[in-house]
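Following: one structure in structure tokens, then a few remarks.
Position 1 is the first residue of the sequence, and the numbers go up from there. Below, each value reflects all heavy atoms present in this structure, side chains not excepted, and no hydrogens, waters or symmetry copies.
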Amino acid sequence: MKDAKATEIIQLSIEDDGRIPNHWKLPLLIYKNVLDENDDAVEILNSNNWAGEWLGSVFPYHHYHSNSHEVLVAHSGTATLQLGGELGEMVDVEKGDVIILPAGYGHKMIESSDDYQNYGAYPNGMSHDMCYGKEDE
């Protein structure tokens with residue numbers, strides 16, 4: 001991993017838009033280019049109590065987890081994500097970036113390179129729900 005002093009950390013605080021709650025207190029954190037080529041993302045996640053990891057991509061529709069935080073680690077390629085729901089921010093993600101999504105923060109894939117993949121994981125591997133910003137949630 002890169003030295004913490006050399007890592008750009010972006011904090012986003014996005015209000016509840018009536019569909020996607022985001023988090024009432026915690027900001028979303030983006031660590032830009034924090035992992036090196038030879039870092040083992042799964043080992044780093046597990047050693048920091050992020051477990052239940054999966055390798056894939058972000059769904060192409062707004063969704064959030066109301067009962068769990070989530071970490072996304074860009075493993076390959078590039079992508080543009082919308083974070084925080086319809087009123088949220090468009091963020092460019094590339095290999096080595098890490099995103100910490102507090103419970104409630106919406107996320108959606110806007111576009112990606114053909115080779116884009118990210119790891120996802122949850123605190124202590126806890127089970128998470130899937131919410132879509134519908135009225136009955």
When hydrophobic residues are tied together by side-chain contacts of less than 4.5 Å, even through go-betweens, does V93 share a cluster with Y61? no
Short question: side chain of E43, backbone of N46 - any donor-acceptor pair under 3.5 Å? no
Hydrophobic cluster identity match, W50 and I9, side-chain contacts under 4.5 Å: yes
Side chain to side chain contact (heavy atoms under 4.5 Å, CB included) evaluation trace for V91 with D97: CA-CA 11 Å; V91 174; D97 290 353; over 6 Å; no
Would you say that more than 12 heavy atoms from the other residues, nucleotides or ligands in this model lie under 6.0 Å from the CG of D136, or not? yes
Report yes if the side chains of V58 and H63 come closer than 4.5 Å at any heavy-atom pair, otherwise no. yes
Please check: side-chain N/O of D39 versus main-chain N/O of A41, any donor-acceptor pairing under 3.5 Å? no
Would you say that more than 12 heavy atoms from the other residues, nucleotides or ligands in this model lie under 6.0 Å from the CZ of F59, or not? no
Short side-chain donor-acceptor distance under 3.5 Å, D115 and S76: no
Shortest non-hydrogen contact from E86 to D17? N-OD2, 3.6 Å
Find out whether M109 and L81 are in side-chain contact, i.e. whether some heavy atom of one side chain is under 4.5 Å from a heavy atom of the other. yes
Is any side-chain heavy atom of N49 closer than 4.5 Å to a side-chain heavy atom of Y122? no
Nearest 0.5 Å, please: how far is CD in Q117 from NE2 in H75? 6.0 Å
Scanning both residues in full, the closest heavy-atom pair of L12 with Y105 reads O-OH, 3.2 Å
Kindly give the heavy-atom pair with the smallest separation between S68 and S127, and that separation in Å. CB-O, 4.3 Å
For the pair R19 and E137, find out whether any cationic side-chain nitrogen is under 4.0 Å from an anionic carboxylate oxygen. no
Do E89 and L28 have side-chain heavy atoms sitting under 4.5 Å apart? no
Are more than 12 heavy atoms, taken from residues, nucleotides or ligands other than E15, located less than 6.0 Å from that residue's CD atom? no
